[in-house]
Amino acid sequence: MKFSVTPGEENWKERFLQTLHSDYSSCFHMNQYVQQLQSCFTASHRELLSLKALPSFKPLAHQIKAVEKAVFDMNCSAILADEVGLGKTAEAAMIMKELQLRHLARSILILVPSSLAGQWQTELFQLGIPCIIHRGKKEWRNHPVIIASIDLLKREPLKSQFNSLSFDLVIIDEAHRLSNPKTLNYQFVSSLDKTYILLLTATPVQNKPEELYTLSTLINPALFKDKREFKKMVNENSREFHGRIDAIMIRTRKKETDIKWTKRNISVRWLDQSGYEKQLYISVEKAFRELKRLNTHRFTHLTLLKQGCSSSIALLKALRREQHNDICHILGPMLEVNPQQLETSKGKEILKIIRERKDKVLIFTQYRATQLYLQWYLKQHNVSSVMFRGGFKKGKKKWMTDLFRDHADVMIATEAGSEGLNLQFCHCIVHADLPWNPMKLEQRIGRVHRLGQKEDVEIIYLLNRTTIEERIWQLLESKVHLFKTIIGEHEQVLSTVKAETEKYLKDALLNSKSEEEMKIKLNLLEDYLENEGVNHDEGSVQAGH
Amino acid sequence: MMKEAYKLVIEYLKYNGAVVTESADKALVQLTEQLDRKFMNRPFYWHYRDSVNQSGEPMHLIIQETPGQLKANDLLSIHYDHHIFQSILGSAQQENQFYTAYEQSETSCMLYPWITIQLTASFNPPGLADIRMNSRISLISGIKYISGSHTCDNLSLSGTRPNGSIIQSNRLPFATAISILYSGIEHYVSDQINDDETVQVCFKHISAGLIYLRSFE
């Protein structure tokens, strides 16, 4: 049996002897207070000390269960594979705190995508865990808890520096990036000297089941003899296989939790285009017909019409590209415009919504031109707004979010770069245009309708009548099952299917040469999903996940 | 636990000369210069004051028992989660790890020296219940009591020596006594977990003291 003294107290005997031989005047009553506190830190059987030491953090039942399982049954090395939005970060932070309190982890390395480093730091700081983010610009700084990007560390000179370091705990966020053993990412993590490891991913299997095998080798290399055995066991789908996977992976599904998700109130507002907006749109449509007659029409030209539905300025901007010279030639004087003509029916409706609600409103658009236009338009009507787009640096993104929370009532965002954005303080989303990919709608809504949202969320779609938007909406609405499979219940569909679905969906929507072709492709996709979804559901029931 | 931590911090600050005005669950603290220099992380301020040969103004703090949003004009408000609170708590524990105490008596008596050790044994892999131990060894007879019934909690101890008491000097050297007691603790813990070789034991939260009791057995 090995006895040790917790780090920081190793030399207590020497110090005590020094005290005994000196004239040190001690305070007995102060020591009594110290001992009272220390008695509180005595853990009973399977008791989490982190729950006592994080008074301002109220974890959910499934999170406590996951942490207990990881700490007491899995030796603090596990794949945390909860579904999106269930708080994997908080679970990892609790495990980290638990190990710190038990003096089992002093040096901790957290590898995250660089865009999420700030968010991790904030969350850990809220849990009373100080940490630093290493951005690689200066020499390596030592700190008990370090956040860094794997892309920074996997290359020289930091890579060799890391081979000489050892960590008590390594946490890897978005760990599905390690699913290929040939990549530098995997090799780097595998070469790290570590005692405990936590892999965080909502999709441990993205393309092939073997990816799970690769991840399992990081947790317990001896879990499966080799890949062949793993594959064999996958095919057999045996109880033993699930037992082994359960020994390294914790997966909680939304439906298994006690969380009461707030409602989504969806409303669709049909608007009529007017004035210059309508004229321009009709002219572009006419130009298409003309091009079709000349047999030079392409289905991708429909993207222009979509931009026309978003705002006139977005369409005008797109027309400036060289590839659209043929249309510009047909449109001619139509392209001459003054600022007053740019007002759109959607702009007016958005202004109306903002004035009616007197609450925070998040507006999503696909196009930067529309974003700029809306900001300008709202400013003309004394409504100040903040912008948010992917090109912003991390600091600016945070600043914009803070401005939206504390000062502005409106945020106009493009979906690019909105990953990891937490806007639970807002309860209304306006979709100023409709993206091709319905998955993006879910991503947009997910910014607001997520864990921590206390009120029902109002989702407003603004669509232009008698335009391509109406056609797309009808097409998608008639594919209720498709929507349900992709958006409503997508968490039940294997991510493999999801990835494939997205690919086919994109192909159907963007590369079809006619609307008929698009319909046929979507029908086929629907049939495919229907079968796959059912098969998977059966499989997951058998698997007990 | 927060309550105990809060109490300790308040007592520590008082003990070190801070002026503390307490209410139900919070306290207004006027730090001393020493405490300010130690905990408030204002090296530039104190460097400047020292350079111009002026005395500085130690800060006022509000210490809360429970975390919450307390808005106080220009006053720093700290609670258990705050890093300054944690650093005061850490110092309070470290500086008061060792002590001297005496058994109280109304009449003049002979007092015999004992070494006492309190510690928590925790186990790796986690899951087993921690053991908080209280043990002592007589520096006269060498008799030792480990955990269980003979705890110091049953004794009426105080930090001040009773009037008229006579202190007996120790026969057993301090270092020897500590070693004997420590190995006794190790044996005790081994017995508790049935000598399980797969379990690692880590001792933490160690407190130790020299106490004088009326008995040496």
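Throughout, protein chains are lettered first and strands after them, A, B, ... in sequence-line order, and every chain is numbered starting at 1. Because only heavy atoms are used, hydrogens play no part in the values below, and waters and symmetry mates are left out as well, while side chains stay in.
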Using non-hydrogen atoms and a 4.5 Å limit, figure out which bit of [X] sits close to chain A: side chain, backbone, both or neither.
| X | answer |
| --- | --- |
| B/Ile206 | both |
| B/Leu119 | neither |
| B/Thr120 | side chain |
| B/Ser158 | backbone |

When rounded to the nearest 0.5 angstrom, what is the spacing between [atom1] in [X] and [atom2] in [Y]?
| X | Y | atom1 | atom2 | result |
| --- | --- | --- | --- | --- |
| B/Tyr99 | A/His29 | OH | NE2 | 14.5 Å |
| A/Phe3 | B/Ser190 | CZ | OG | 3.5 Å |
| B/Ile178 | A/Trp12 | CD1 | CH2 | 6.0 Å |
| B/His205 | A/Gln35 | NE2 | CD | 11.5 Å |

Would you mind reporting whether [Y] and [X] have side-chain heavy atoms less than 4.5 Å apart?
| X | Y | result |
| --- | --- | --- |
| B/Ile211 | A/Phe28 | no |
| A/Gln32 | B/Leu157 | no |
| B/Glu4 | A/Gln38 | no |
| A/Arg102 | B/Ser122 | no |
| A/Gln36 | B/Lys7 | yes |

Test of understanding: with salt bridge (charged side-chain N to carboxylate O under 4.0 Å, His left out), list the residues that count as partners of A/Arg15, not counting sequence neighbours.
none
Can any side-chain N or O of A/Asn31 pair as donor or acceptor with the backbone N or O of B/Asn96 at less than 3.5 Å?
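Looks like yes, one N/O pair under 3.5 Å.
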State which residues pass side-chain hydrogen bond (donor to acceptor under 3.5 Å, both in side chains) with A/His103; sequence neighbours excluded, sorted by chain then number.
A/Thr6
With A/Lys398 via side-chain hydrogen bond (donor to acceptor under 3.5 Å, both in side chains) - residues at least two apart
A/Asp402
Flag the pair A/His21 / B/Phe174 as yes when their ring centroid distance falls below 6.0 Å, and as no otherwise.
yes
Name the region of A/Leu37, side chain, backbone, both or neither, that has any atom closer than 4.5 Å to a heavy atom of chain B.
both
Determine which residues belonging to residues 40-53 of chain A lie within contact range of chain B, meaning some heavy atom pair is under 4.5 Å apart, and list them by number or answer 'none'.
A/Cys40, A/Phe41, A/Thr42, A/Ala43, A/Ser44, A/His45, A/Arg46, A/Leu49, A/Lys52, A/Ala53
